[in-house]
Structure formats: C-alpha cells, structure tokens
A.B. asks: 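Supplied in structure tokens, the structure appears directly below.
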Amino acid sequence: MENKPSSNFLKNIVNEDLKSGNVDHIITRFPPEPNGYLHIGHAKSIILNFELADEFKGKTNLRFDDTNPVKEDTEYVESIKEDVLWLGYEWDNLFFASDYFEEMYNRAVLLIKKGMAYVCDSTAEEIRKMRGSLIEVGQKSPYRDRSAEENLILFERMRKGEFKDGQKVLRAKIDMASPNINMRDPVLYRIAHATHHNTGDKWCIYPMYDFAHPLEDAIEGVTHSICTMEFEDHRPLYDWVIRECEMEEIPHQYEFARLNMTNTVMSKRKLKQLVDEHVVDGWDDPRMPTISGLRRRGYTPEAIRSFAREIGVAKADSVVDSKMLEFFIREDLKLKAPRTMAVLEPLKVVITNYPEDQVEMLEAEINSENPEMGTRQIPFSREIYIEQDDFMENPPAKYFRLFPGNEVRLKNAYFIKCNNIVKDENGKVIELHCTYDLETKSGSGFTGRKVKGTIHWVDAAQAVPAEFRLYEPLILDQDEDDESSFIEHINPQSLEIVHGFVEPNIKGSKPQEKFQFFRHGYFNVDPISSKQEKLVFNRIVPLKSSFQLTK
Ligand code: ATP
Ligand code: MG
C-alpha cells in the first residue's frame with residue numbers, strides 16, 4: 001500500500017506558470033554532488049523533483065554537480081544512479097556539470113569583457129575579512145579595477161596552470177555594499193590542481209557552486225530549479241548570473257525546507273566521518289540513514305515514497321519523528337511479508353509425553369491478514385525451542401507465559417504445561433520438561449479450558465540456525481542548545497547480534513527477502529552477510545510502536 005502524491009506549494013507555482021503562459025513545459029532536475037552516498041533527505045528531494053515534473057508531463061534530469069574534484073569519485077556516481085533507480089525513478093537525461101566546463105569558462109570570459117568580473121590576488125582569508133558583515137559594508141579589493149584586457153590575460157593564465165592553488169581567483173564585480181553578503185563580489189572560479197573523475201587533468205580552475213549551478217540549470221533548460229532553504233539568500237546571485245551571462249533559457253529557483261529527522265545525522269560530511277572512522281560498517285550499514293543502508297536494513301521504495309509524501313513539502317523548518325519512517329515500512333509489509341516464527345534466544349523444551357519418533361506437520365496461514373498468501377506446514381516433534389524470556393522460574397504477578405506449573409498455548413500447535421526445570425552447574429535454566437495435551441490442537445475447536453499466554457517456538461530437529469541483527473538508533477538525540485559534536489552522541493548499543501533459529505519453511509531465503517517474525521517484528525535477509533548455510537536477518541522494525549499518524 002502506497003500513499004498517493006499530494007499537493008504542495010511548488011505544484012501550485014508550476015500550475016500557475018503553465019496557466020499564465022510563463023512556461024509551456026516543465027523541466028526539473030535532481031543535482032547531487034558525487035561526494036558521498038544519498039540519504040533519506042535526498043530521497044525527499046528526488047521524489048519531489050520527479051513527481052513535480054511527472055504530474056505536469058514534464059522531464060527530470062539527473063545531473064551530477066561535479067565541480068569539486070577533490071571530494072568527488074565515480075564510486076559515488078554509481079551508487080547515486082543505483083539509488084535513484086531503486087527508489088523508482090528514471091531520469092530523462094543523465095548529465096554531468098563537468099561536461100559544461102568549456103561553456104562556463106566562456107561565460108566567465110563574457111563577464112570579464114563586460115567589466116563584470118575580475119581576477120583577484122587576495123588570499124581566501126583576506127577576501128573573507130574584506131567581505132564585511134550584516135552591519136558593516138565590505139571593502140573593495142585592490143584588484144577590482146584591473147582592465148578587462150589584463151583580466152582576460154590573467155584568467156587565461158589561470159586556466160593554463162601558471163598559478164598555484166589559492167594564488168588567484170575570479171570574482172564577480174557586483175556591489176561590496178550590498179545588504180546581501182552573497183552579492184559582495186563573490187568568487188566565481190578558484191584554482192585547484194587536482195584530477196577530476198570525469199575531466200581528468202584537463203582543468204585546474206573550477207567554478208564555484210553559485211556560478212556553476214545557475215548556468216547548469218540554464219544550459220539544460222530547467223524551468224523550476226528546486227533547492228533547500230539555505231539557498232534563499234543566494235537567489236539574487238543566481239538571477240544575476242543567468243542575466244549577466246546572457247543565458248537564453250531562464251530558470252527560476254524555488255526553495256523548500258530540508259528534511260530533518262530525530263536520531264539522525266543528515267549531512268554527507270558527517271555520514272562520511274562515520275564511515276571513515278569505522279563507527280559503522282560502510283555507507284550501507286543498516287544503521288545508516290543512507291538509501292543503501294535503508295535498503296540493506298529492509299526498507300522498500302514504496303515505504304520511503306509514502307513517507308516522503310506524508311511529510312510533504314513546505315518552507316518552514318521542522319524535525320520529523322524517525323518513527324514515522326518506521327510506521328510506513330510496517331504499513332507496506334503488513335500484507336506483503338510472510339509471517340513465520342523465529343526464536344532469537346533459544347531455550348530447549350522437551351515434551352515428555354510426545355512419542356519419541358513422531359513428527360507431525362501442522363498447518364498455519366502464511367499471513368493471517370492476507371489469506372490469499374495461502375498456508376504453510378510447520379513440523380512439530382518432541383523437542384522444540386522457545387524464547388528464553390518466555391520462561392521465568394519465579395515470575396511476577398501477571399506473567400502469563402511459561403513458569404513451573406503453568407500452561408500456555410504454543411502458537412499454531414498445542415497447550416503445554418511446564419513440569420520440570422533442568423539447570424547447569426551455575427544454576428542457569430538450560431532445558432524445560434513439559435507435557436502437551438493432544439486435545440488442545442490449534443484449529444480443533446477445543447474449548448475445554450483457557451490459557452492466558454501464547455508463545456512461539458520452532459521444532460528443534462528441523463530448525464534452521466540463523467543470526468539476527470537487532471538495531472537501535474545510531475545517534476542519541478541531543479538537546480537543541482547542546483553544542484557537543486554528534487560523535488559524542490553515538491549510541492554504543494546500536495547493534496545487538498543474537499543467534500537462534502527460524503522455521504524450516506524459510507530455509508532457502510534469498511537476500512532481501514522480508515518476513516514478519518511472530519512477536520519480534522519485520523526482518524530482511526541481509527544481502528551481504530547471509531549465506532545459504534547461515535542465514536542472517538536484519539530487524540527492520542519491531543512490531544509495535546507508540547507512534548500515531550495524526551491526520
Ligand atoms: P549534505 O548537506 O547532506 O551534504 P547536500 O545538499 O550537500 O547534502 P547535494 O548532493 O548537494 O547534497 O544535494 C543534492 C540535492 O539534494 C540538493 O538539491 C539538496 O538541496 C537536496 N538535499 C540534500 N539534503 C537534503 C535534505 N536533508 N532534505 C531535502 N533535500 C535535501
Ligand atoms: Mg552540497
């Protein structure tokens with residue numbers, strides 16, 4: 001079950017633009033920088049851009065905003081493509097900003113010729129100091145009045161590699177007294193002697209985001225260029241670049257609030273730090289909020305899309321409860337995932353009055369909420385495993401599971417009663433001796449007496465050993481005014497590994513197959529660690545949550 005795309009202020013804008021004739025078609029783009037793996041925040045942007053164009057029969061480009069050679073890599077390019085496709089979106093065009101470097105260079109030359117850009121020899125530090133502040137105007141660079149001729153020669157020499165990194169930059173000549181600091185002669189080009197993943201060593205000058213991005217949009221004929229709120233103050237510069245570079249197509253920038261989520265860091269820089277410092281086991285660690293991590297954990301594209309549609313698109317900043325994402329995976333898997341029994345921390349039970357060599361097959365539904373999924377056969381014999389914490393020697397009041405003298409229902413099977421306990425030399429309970437009552441067979445209509453507890457189990461002889469990986473949030477939430485680093489808030493208990501058994505029915509489970517394990521939650525077969533001889537399951541989410549969707 002998936003949510004339908006919902007309305008938002010951007011759809012209204014596009015609608016108006018089409019009605020008024022401002023535009024006659026729609027082109028959006030998703031413009032990741034290939035300097036890390038995509039995360040759930042990017043998913044919001046992907047879904048927004050693709051669905052916006054789709055609703056108005058437009059097109060969406062996947063464009064790699066690859067203008068910083070130092071941090072970018074083809075590994076990231078490939079992972080981003082995979083993630084976008086997995087989310088269910090096919091781009092109309094695949095573009096690389098680096099393919100436009102020549103054109104960008106020519107536009108910069110045009111600005112120089114028009115007297116609207118100059119080569120500045122100030123250091124980064126000097127430029128920062130001279131930029132002024134919100135209450136102080138900036139100071140003009142001593143190089144601001146170089147002639148166009150001189151600037152053209154210097155800019156060409158920059159391109160040829162005659163200067164070192166940081167020795168010179170190209171700046172726009174706009175207004176050092178502008179109330180908008182972004183307009184105080186921003187840097188357009190910098191020198192970086194670095195090998196680029198796409199253009200190799202062809203270039204040693206690279207355009208800055210504020211110069212490159214509007215040009216990329218215009219070159220591609222993007223009509224609605226959607227970005228996050230922190231770029232709102234850059235919009236005048238965006239429009240300036242489009243206008244002064246005399247671009248034929250005129251894109252417009254619109255901003256929306258980025259996704260923030262509780263218990264989650266959502267910046268590629270921080271996620272990369274977790275990977276580099278081996279806090280997690282790679283970008284696709286199931287605890288990561290990356291698309292690849294969520295996929296490996298067991299999230300489905302349907303759940304992520306429903307989540308993105310539910311949170312909607314607005315301009316006001318907010319923090320979404322990460323339990324909402326969990327809500328949507330439960331919704332998605334509720335009717336889809338087969339339900340079976342798994343014992344995560346086993347305790348052996350011998351049913352002393354059950355015939356020694358007998359094995360019977362019990363029938364049960366595969367998904368009690370979806371009868372169309374049919375039934376399965378579960379073996380039952382004299383020895384079974386139950387969950388260690390479904391037994392207590394000295395239970396508190398209201399404990400309805402197994403304890404000496406008490407009777408419970410084995411899910412899909414019989415009532416059993418605990419008669420004896422076997423302990424090891426340390427006093428730890430290692431085995432229970434129980435008796436069963438043939439009359440109480442599940443589905444037989446037995447009404448003779450009632451029991452208060454139902455517990456799950458697996459047949460000991462046929463059970464399939466499995467590893468279960470149980471997750472808690474990777475990041476513990478911090479107070480708003482707490483300025484300590486997120487690294488200090490890493491949850492030391494974010495992963496617990498236990499070894500138990502699953503029903504023989506799911507013995508041959510394939511990577512990424514998903515199940516609901518009775519009482520434990522939804523699980524995914526880990527695509528990397530799971531082997532036919534040793535299944536490994538990631539818990540996607542437990543079954544229950546206090547989270548409610550408020551409508
Ligand atoms: P990060 O801050 O995580 O490094 P970024 O914005 O630098 O992200 P880009 O690759 O530049 O990453 O982003 C590609 C697109 O995804 C941009 O349009 C950006 O606005 C959008 N985006 C990034 N993070 C979020 C988020 N948390 N919520 C919504 N959109 C986001
Ligand atoms: Mg970025």
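The structure presented is a predicted model; accordingly, all values stated were derived computationally and were not measured. Basis for what follows: all heavy atoms, side chains included, without hydrogens, waters or symmetry-related copies. Order of appearance sets the numbers: ligands from 1, and atoms from 1 within every ligand.
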A.B. asks: Side chain, backbone, both or neither: which part of Arg269 comes within less than 4.0 Å of ligand 1 when only heavy atoms are counted?
C.D. replies: neither
A.B. asks: Pick out which of Pro207, Pro31, Cys227, Pro251 makes a side chain to side chain contact (heavy atoms under 4.5 Å, CB included) with His213.
C.D. replies: Pro31
A.B. asks: Between Arg159 and Glu102, does any side-chain N to carboxylate O distance fall below 4.0 Å?
C.D. replies: yes
A.B. asks: Mind checking whether Ala257 has an N or O less than 3.5 Å away from an N or O of ligand 1?
C.D. replies: no
A.B. asks: Return the option from Tyr209, Phe30, Phe231 holding the heavy atom at the smallest distance from atom 15 (C) of ligand 1.
C.D. replies: Phe30
A.B. asks: Is any NZ, NE, NH1 or NH2 atom of the basic residue among Arg29 and Asp65 found under 4.0 Å from an Asp or Glu carboxylate oxygen of the other?
C.D. replies: no
A.B. asks: Run the numbers for me: atoms of ligand 1, each under 4.0 Å from some heavy atom of Ser267, listed by number.
C.D. replies: 3 (O)
A.B. asks: Quick check: does Asn35 get an N/O under 3.5 Å from an N/O on ligand 1?
C.D. replies: no
A.B. asks: Quick check: closest heavy atoms across Ala53 and Thr28, and the distance to 0.1 Å?
C.D. replies: CB-OG1, 3.7 Å
A.B. asks: Go through ligand 1 atom by atom and flag the ones less than 4.0 Å from a non-hydrogen atom of Met266.
C.D. replies: 3 (O)
A.B. asks: With atoms numbered from 1 as shown, which atoms in ligand 1 lie under 4.0 angstrom from a non-hydrogen atom of Phe256?
C.D. replies: 29 (C), 30 (N)
A.B. asks: For ligand 1, which atoms have a heavy atom of Glu33 less than 4.0 angstrom away?
C.D. replies: 9 (P), 10 (O)
A.B. asks: Select the closest option to atom 20 (O) of ligand 1 among Ile40, Thr228, Val265, judged by heavy-atom distance.
C.D. replies: Thr228
